[in-house]
Amino acid sequence: MSKNTLPSRSEDFNAWYNTLVVRADLADYGPARGTMIVKPYGWTLWENMQQALDKRFKATGHLNAGFPMFIPKSFIDRETSHVEGFSPELAVVTIGGGKQLEEPLIVRPTSETIIGHTYSKWIKSYRDLPLLINLWNSVVRWELRTKLFLRTLEFWWQEGHTAHATYDEAEQETLQMLEVYRDFARNEAAIDPFFGRKSDSEKFPGADVTYSIEAMMGDKKALQAGTSHNLGQNFAKAFDIQYLDKKNEMQYCWTTSWGLSTRFIGAMIMTHGDDYGLILPPRLAPFQVIIIPIYRDADQKASVLESVDNLNRLLIDNDIRVKIDDREELTPGHKFHYWELRGVPLRIEVGPKDVVNKSVVVARRDIVGKLGKQVVSTDSVVKSVSNLLVEIQEALLKRATNFRDSNTHEPDDYKHFQEIVSEGFALAWWCGDASCEIAIKNETKATSRCIPVSSSEGNKGTCIYCDKDAIEKAYFAKAY
RNA sequence: CGGGGUGUAGCGCAGUUGGUAGCGCACCGCGUUUGGGACGCGGGGGUCCGCGGUUCGAGUCCGCGCACCCCGACCA
């Protein structure tokens with residue numbers, strides 16, 4: 001029993017996470033510092049996320065495209081705050097084919113600049129708008145401190161880039177995609193994030209406004225899990241993205257960008273996982289059901305495997321992602337732990353007794369042990385499994401949301417605020433002044449996460465730090 | 001870049017006063033097992049992070065590097 005156990009989640013969350021990511025076959029360390037190898041099991045999870053997101057992007061009128069990973073270095077210099085934000089973390093290529101390049105190339109840290117360059121060529125008329133494109137790619141940012149999925153030198157993501165005729169359209173797009181992320185998080189990943197506008201110091205370099213979804217992890221720290229930016233006309237002006245309007249007058253476009261990355265996998269791990277390992281939401285899990293055959297002798301083996309095959313086919317026919325673990329060298333008990341570590345939502349045990357009784361044992365990953373087990377007749381197994389997958393999905397969302405809410409509080413005063421953010425989220429009146437934000441960070445390590453839309457509900461208050469008038473509330477928390 | 005820690009088999013570790021490298025898990029073979037991490041027997045696998053020094057002899061002592069991890073700084 002005491003073999004191969006994970007570090008305790010409650011005692012050492014960090015060690016738990018690092019060990020789990022590797023042991024559950026999601027990812028591994030690459031040979032270069034700070035790089036990540038996403039293993040097939042982790043990549044399948046990412047593919048399922050991609051499908052769920054891509055469906056939503058298509059439904060809102062976007063098309064995918066592929067853009068170069070090499071960008072002329074001069075591009076990054078065109079937008080003032082963009083260059084200031086990204087210069088420290090650029091990977092720069094100076095040699096190609098053995099020769100010094102005339103102009104260095106940067107490995108894309110994000111594609112706003114090359115998109116800007118391209119859109120200025122593509123967009124001539126109001127009839128070309130809106131232009132709605134998404135990219136699935138990887139980007140490189142030379143981070144000092146790395147952690148698998150949460151912050152690596154290279155990571156995989158999608159970046160949407162749109163151009164519009166008016167500010168209102170751009171703002172509407174920005175908020176629409178924020179809502180897409182929120183909906184994805186809630187309904188696919190069973191994570192209900194807070195969402196809102198970023199403070200000036202936390203926003204994307206080059207954006208007028210950044211919105212984000214912010215999720216609470218199992219250690220009560222915040223994770224920015226997706227961002228959507230209204231870029232105003234900053235990139236349009238830097239890259240000359242102009243169109244002729246109906247009155248034959250030149251106008252600058254209004255652009256947006258929005259991204260969600262493999263970091264979100266970290267969010268799922270840290271939201272749902274427990275001491276036994278991952279707990280994956282059924283809608284995204286690479287395998288929704290793992291079937292474990294159990295038998296003693298050759299006769300039993302034959303009948304059990306036949307029964308398992310039938311069950312497997314039945315589930316596949318009903319679009320359930322299922323896998324049989326028929327490895328002969330491992331005992332059933334070992335396989336139970338193996339797949340619990342990997343977070344498969346449902347386990348079906350099929351043994352000699354089940355064959356005789358025309359039944360199977362179904363065990364829930366989110367309720368480990370006998371409490372989560374039930375005997376289901378073969379006739380109704382598809383219905384039971386389908387229902388249970390929905391139930392688990394709902395239970396995970398409910399559990400995570402309860403945890404979030406029971407660790408989020410509105411402070412009465414600054415002392416109270418300090419207590420709250422030492423172990424959770426605070427929703428507090430804030431004057432909007434960066435100096436208060438900085439002081440709070442220095443004194444508590446908590447940063448402003450986002451300012452929920454209509455946070456004030458028309459009321460006014462006083463800043464939790466400086467007592468000056470405040471018209472908005474912001475979430476504050478220690479963050480990844 | 002500062003503080004701390006660790007480098008010995010795939011992973012986790014032990015290695016005594018310096019004497020020529022071992023344990024558990026994993027892996028391979030055979031057999032018995034299989035409803036919550038099976039067992040027996042046999043087997044394979046090592047530039048002991050690197051370089052230099054001390055010594056008859058270095059995993060061990062000394063010096064200099066390097067890498068990784070943790071905590072800071074930094075981080076759409």
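Worth knowing before you read on, the calculation uses all heavy atoms, side chains too, and leaves out hydrogens, waters and symmetry mates. So you know, we letter chains A, B, ... as the sequences are listed, proteins then strands, and number each from 1.
If you check every strand for non-hydrogen atoms under 4.0 Å, P109(A) touches nothing. Nucleic acid contact for K373(A): base, since at least one base atom lies under 4.0 Å from a heavy atom of the residue. Contacts of W339(A) with the nucleic acid, taken as non-hydrogen atoms under 4.0 Å apart, are absent. H82(A) comes within 4.0 angstrom of nothing in the nucleic acid, heavy atoms only. Using a 4.0 Å heavy-atom distance criterion, G351(A) is classed as a base contact.
Summary of the strand contacts: S261(A) and V361(A) both lie near RNA chain B, and taking for each the nucleotide with the nearest heavy atom, the more 5' one is attributed to V361(A). Of the two residues near RNA chain B, V355(A) and Y480(A), the one whose nearest nucleotide lies more 5' is V355(A).
Under 3.5 Å, the side chains of N134(A) and N64(A) contain a donor-acceptor pair of N or O atoms. Residues H82(A) and T80(A) have side chains that never bring a donor and an acceptor to within less than 3.5 angstrom of each other.
Using the Watson-Crick or G-U wobble rule with both distances under 3.5 Å, G63(B) pairs with C51(B). For G24(B), the paired base is C11(B) (Watson-Crick or G-U wobble, both distances below 3.5 Å). As the counterpart of G57(B), no nucleotide is assigned, since no Watson-Crick or G-U wobble pattern has both distances under 3.5 Å. In this structure G72(B) sits in a base pair with C1(B), meeting the Watson-Crick or G-U test at under 3.5 Å. Nucleotide G45(B) has no partner under the Watson-Crick or G-U criteria, as no pair reaches both atom distances under 3.5 Å. Pair assignment for C30(B) gives G40(B), based on Watson-Crick or G-U wobble hydrogen-bonding distances that are each under 3.5 Å.
A donor-acceptor pair is defined here as one N or O able to donate and one able to accept, closer than 3.5 Å; such a pair exists between the side chain of R321(A) and the backbone of P282(A). With hydrogens and angles disregarded, no donor-acceptor distance shorter than 3.5 Å links the side chain of S359(A) to the backbone of V355(A).
Look at the C1' atom in both A38(B) and C75(B): the space between them is 49 Å, to the nearest Å. A gap of 14 Å separates the C1' atoms of A21(B) and U47(B), to the nearest Å. Taking atom P on both G2(B) and C64(B), the two are 15 Å apart, rounded to the nearest angstrom. Nucleotides G19(B) and G57(B), compared at atom C1', are 7 Å apart to the nearest Å. Between G40(B) and U34(B), the two P atoms lie 16 Å apart (nearest whole Å). The separation of G65(B) from C28(B), taken at their P atoms, amounts to 44 Å, rounded to a whole angstrom. Only the P atoms considered, G24(B) is 28 Å distant from G18(B), to the nearest whole Å. Using atom P as the reference point in both G50(B) and G7(B), the two lie 14 Å apart (nearest Å).
Counted within 6.0 Å of NZ on K323(A), heavy atoms from surrounding residues, nucleotides or ligands total 12 or fewer; the atom is thus considered open.
Remark: R449(A) fails to qualify as a cation-pi partner of F476(A) under the 6.0 Å distance and 45° angle criteria applied to the six-membered ring. Taking the centre and axis of the six-membered ring of W46(A), the NZ or CZ atom of R263(A) falls outside the cone set by 45° and 6.0 Å. Cation-pi geometry between R151(A) and F155(A) is not satisfied (NZ or CZ under 6.0 Å from the ring centre, within 45° of the ring normal). For the pair R404(A) and F425(A), the NZ or CZ position fails the cation-pi test of under 6.0 Å to the six-membered ring centre and within 45 degrees of the ring normal.
Listed by residue number, K203(A), F204(A), P205(A), Q224(A) are the residues of residues 200-228 of chain A with a heavy-atom contact under 4.0 Å to RNA chain B.
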Which atoms of nucleotides 65-70 of chain B (N or O only) lie under 3.5 Å from a protein N or O atom, and what are those distances?
unit_1	atom_1	unit_2	atom_2	d
C70(B)	OP1	N18(A)	ND2	3.3

With 3.5 Å as the limit, what N/O pairs link the protein to nucleotides 32-34 of chain B?
unit_1	atom_1	unit_2	atom_2	d
U34(B)	OP1	R296(A)	NH1	2.6
U34(B)	O2'	Y295(A)	O	3.3

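Here C74(B) is the nucleotide among C74(B), G36(B), A76(B) with the atom lying nearest to any side-chain atom of K441(A). Of the candidate nucleotides G37(B), G35(B), C75(B), G35(B) has the atom lying nearest to any side-chain atom of D354(A). Counting only heavy atoms from C-beta on, P352(A) has its side chain closest to G35(B) among A73(B), G35(B), G36(B). With C75(B), G35(B), A73(B) as the candidates, the nucleotide lying closest to the side chain of E349(A) is G35(B).
Contact check for E391(A) versus R364(A): side-chain heavy atoms found under the 4.5 Å cut-off.
G37(B) has H337(A) stacked on its base ring, the centres lying under 5.5 angstrom apart and the planes within 30 degrees of parallel.
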Test salt bridge (charged side-chain N to carboxylate O under 4.0 Å, His left out) applied to R342(A) and E340(A), step by step: CA-CA 5 Å; R342(A) 284 159 183 76; E340(A) 276 164 6; over 6 Å; no
W258(A) and F57(A): CA distance, side-chain angles, deciding distance, ring pair (Phe, Tyr, Trp, His ring centres under 6.0 Å) verdict: CA-CA 11 Å; W258(A) 26 274; F57(A) 298 158; 5.1 Å; yes
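Of the residues listed (W157(A), F149(A), W156(A), F184(A)), the one engaging F264(A) in a ring-ring contact (aromatic ring centres under 6.0 Å, His included) is F184(A), and it is the only one.
Ring geometry, F239(A) versus F235(A): the interplanar angle falls under 30°, so the pair is classed parallel (tilted spans 30 to 60°).
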